[in-house]
Participant: 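Shown below is the structure under consideration.
Here is how names work: the chains are called A, B, and so on, in the same order as the sequence lines, proteins then strands, and each is numbered from 1. All values below were derived from every heavy atom in this structure, side-chain atoms included, with hydrogens, water molecules and symmetry-related copies excluded.
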Number of protein chains: 2
Amino acid sequence: MDTDLQPADNVTAIAERLALAILEHRLAPGTKMSEDDVGEIFGVSRTIVRAAFQRLSHDRLIDLRRNRGAFVAQPTVREALEVFEARALLEPRMARSAAERATRADIAFLRDHIGQEHAAIHARDFGRALYLSGQFHVELVRIADQDTIASFIRQLVSRSSLVIALYWQRRHALCESDAHHTLIDAMARGDGALAEKVMTAHLADLLASLDLRRRTSGTMSLKDALS
Amino acid sequence: MDTDLQPADNVTAIAERLALAILEHRLAPGTKMSEDDVGEIFGVSRTIVRAAFQRLSHDRLIDLRRNRGAFVAQPTVREALEVFEARALLEPRMARSAAERATRADIAFLRDHIGQEHAAIHARDFGRALYLSGQFHVELVRIADQDTIASFIRQLVSRSSLVIALYWQRRHALCESDAHHTLIDAMARGDGALAEKVMTAHLADLLASLDLRRRTSGTMSLKDALS
DNA sequence: CCCACGTGTTTCGTATACAATTTCGCCCAA
DNA sequence: TTGGGCGAAATTGTATACGAAACACGTGGG
């Protein structure tokens, strides 16, 4: 049985836990992560932590500065715009493909996914809700069955999460927009053209809801964030 | 001035030299690279080599198999198709942007780049010619001034090089197609729409010139390839 | 003749030690 | 008070050591 997706690989496991902490906004952009501290928290040596850092750095989730250490990335305004431009180029087409390929099981899975997201909101776990909201896009590309583009989207969605952490003022109004529902409906009907259009609009909305002039701040200790 | 792009960073330097060896087809897909051997060739410890390997692995240039080692990646037919599908989605738009933004200096740079490529062909250094031919696409996106998408293209072009190594039969007829010249001409006239169209056709041609049924093979020793 | 098995060798995974660099507090002078 | 420099402490960069897993190969049984 390999239903247990726990990676037997230490560095993967730790990279994923760190990524989740960032994506759920438990670790604020700019936070410094010392190799020793992280290693001690997870009970591994710096060797492992460094490898995990390098992976996250390649996904632009953290910024690795030579002889200085690892910091949760702080996308600039320019990077934020680039990320959304890239998403606008890729995701609508993926939404179309997904709509054309989605099975009944896929649709059910996505509906369940949104269910979890709502549950998280209800439990006031906004970090997790935000993470799931991003994962929705990743799942969509998975259905489109394009692994290569999926890896790009995964990175872009992750970076979007950082952008949101930095430039989103009104937190609690999160993705209430039922864009995801609309998307699923279009997919359930196999309407690729509509799905593509809805996705385009959804991404534009997301970008428009940011205030790129102001940056929110806030920090938290490592141990608390990685519990 | 930062015209000196020599990385003071050992792992970056080694990752780049390995990447170049792969991109110039001096290292054939499937070749195993032992950490010890590579470390000895470059005069660094396995620590550095491992870090470099992890980077290349993230770009899918090498395949890292746990407890087995690092192998030059061998993209499957499916991956090959995905790579070109992704390029088809991104590059035409980038060609348009580049055409609309290119300065006189940019055009001159690209022309010179093609000049180097022809020189390499003339010197029968087909590996280098192929590398430069790929770099042309990367430079194009650089002109389009989209760093995020540029990083994706860089990866896709690299993987394309592996695809070509595996699935290209008639080697010596390389990119003689003057698609790159046509592209530059369109850019010089600032004709974005044309550049977009030419790029689309160029990528389709490239894909069509592959024979995805047959795989070429061939290998070479590490020390020779990394001299 | 072929396949299963055990042993020695190679290669990788991880921890740790030490060197190099940065950071921070402290003192002193302007 | 403020700014600069000096040294100690902390943190990262790299090499190395040792345990563990995979591989190579020779041996013996079927």
Side-chain angles (χ1 to χ4, degrees), chain A residues 2 4-18 22 27-28 30-58 60-74 219-223 225-226, chain B residues 5-18 21-22 27-58 60-74 219-223 225-226:
Chain A
D2 64 333
D4 190 49
L5 280 214
Q6 243 62 286
D9 188 351
N10 258 337
V11 2
T12 303
I14 287 174
E16 284 177 2
R17 287 187 64 178
L18 287 173
I22 295 173
L27 283 171
T31 306
K32 161 150 193 187
M33 298 187 291
S34 132
E35 297 178 354
D36 270 323
D37 291 350
V38 176
E40 189 157 5
I41 289 172
F42 290 123
V44 295
S45 82
R46 283 177 50 218
T47 306
I48 309 297
V49 176
R50 280 175 75 80
F53 278 0
Q54 232 193 22
R55 256 189 241 186
L56 297 179
S57 160
H58 201 286
R60 315 266 202 147
L61 254 76
I62 70 176
D63 203 11
L64 231 40
R65 293 207 287 254
R66 186 176 173 82
N67 279 319
R68 298 251 162 74
F71 302 79
V72 179
Q74 308 188 75
T219 181
M220 183 185 267
S221 94
L222 271 190
K223 276 184 285 300
L226 301 177
Chain B
L5 282 209
Q6 243 61 285
D9 188 351
N10 259 336
V11 2
T12 303
I14 287 176
E16 283 178 2
R17 288 187 63 179
L18 287 172
I22 296 174
L27 283 171
T31 306
K32 163 152 191 184
M33 298 187 291
S34 135
E35 296 178 355
D36 273 321
D37 292 349
V38 176
E40 189 157 5
I41 288 172
F42 289 122
V44 296
S45 80
R46 284 177 48 219
T47 307
I48 309 296
V49 177
R50 279 176 74 80
F53 278 0
Q54 233 192 24
R55 258 190 239 184
L56 297 180
S57 159
H58 202 288
R60 314 268 202 147
L61 254 72
I62 70 177
D63 203 12
L64 234 38
R65 290 205 287 248
R66 186 177 174 83
N67 280 319
R68 295 247 168 81
F71 301 80
V72 178
Q74 308 189 73
T219 180
M220 184 185 269
S221 93
L222 270 191
K223 276 183 286 299
L226 301 176

Participant: Would you kindly compare B:Ser45 and B:Arg66 by the position of their nearest DNA chain D nucleotide and give the one closer to the 5′ end?
Facilitator: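 That would be B:Ser45.
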Participant: Once you round it to whole Å, what is the distance between P of D:dT12 and CD1 of A:Ile62?
Facilitator: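 Taking atom P of D:dT12 as the reference, CD1 of A:Ile62 is at 11 Å.
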Participant: Just how far, in rounded Å, is P of D:dA22 from CZ of B:Arg68?
Facilitator: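 In whole Å, D:dA22 P lies 6 Å from B:Arg68 CZ.
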Participant: Please state how far atom CD1 in B:Ile14 lies from atom P in D:dT14, giving the value in whole angstrom units.
Facilitator: 10 Å
Participant: Are the side chains of A:Ile22 and A:Thr31 in touch, meaning some heavy atoms are under 4.5 Å apart?
Facilitator: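 Side chain of A:Ile22 against side chain of A:Thr31, heavy atoms only: no contact under 4.5 Å found.
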Participant: Give me the one residue out of B:Ile48, B:Val38, B:Ile14 that meets side-chain contact (heavy atoms from CB on, under 4.5 Å) with B:Phe53.
Facilitator: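 Going through B:Ile48, B:Val38, B:Ile14 one by one, the side-chain contact (heavy atoms from CB on, under 4.5 Å) with B:Phe53 is satisfied by B:Val38 alone.
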Participant: Give me the residues of residues 46-53 of chain A where at least one heavy atom lies under 4.0 Å from an atom of DNA chain D, by number, or none.
Facilitator: A:Arg46, A:Arg50
Participant: Between P on C:dT11 and CZ on B:Phe71, what's the gap in Å once rounded to a whole number?
Facilitator: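 Whole-Å distance recorded here is 11 Å.
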Participant: How many Å lie between CD on B:Glu35 and P on D:dC18, as a whole number?
Facilitator: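 Rounded to whole Å, this separation is 19 Å.
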Participant: Can A:Val11 and A:Val44 be said to form a side chain to side chain contact (heavy atoms under 4.5 Å, CB included), step by step?
Facilitator: CA-CA 9 Å; A:Val11 2; A:Val44 295; over 6 Å; no
Participant: Does atom CD of A:Glu40 have more than 12 heavy-atom neighbours from other groups under 6.0 Å away?
Facilitator: no
Participant: Within the 4.5 Å heavy-atom criterion, are A:Phe42 and A:Val49 side-chain neighbours or not?
Facilitator: no
Participant: How many whole angstroms separate atom CG of B:Asp36 from atom C1' of C:dC12?
Facilitator: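 It works out to 9 Å between those atoms.
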Participant: Rounding to a whole Å, what distance do you find between A:Asn67:CG and C:dT21:P?
Facilitator: 7 Å
Participant: Roughly, in whole Å, what's the span from CD in A:Glu40 to P in C:dA15?
Facilitator: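 Roughly 13 Å, once rounded to whole Å.
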Participant: State, yes or no, whether a side-chain contact exists between A:Arg55 and A:Leu61 at a heavy-atom distance under 4.5 Å.
Facilitator: no
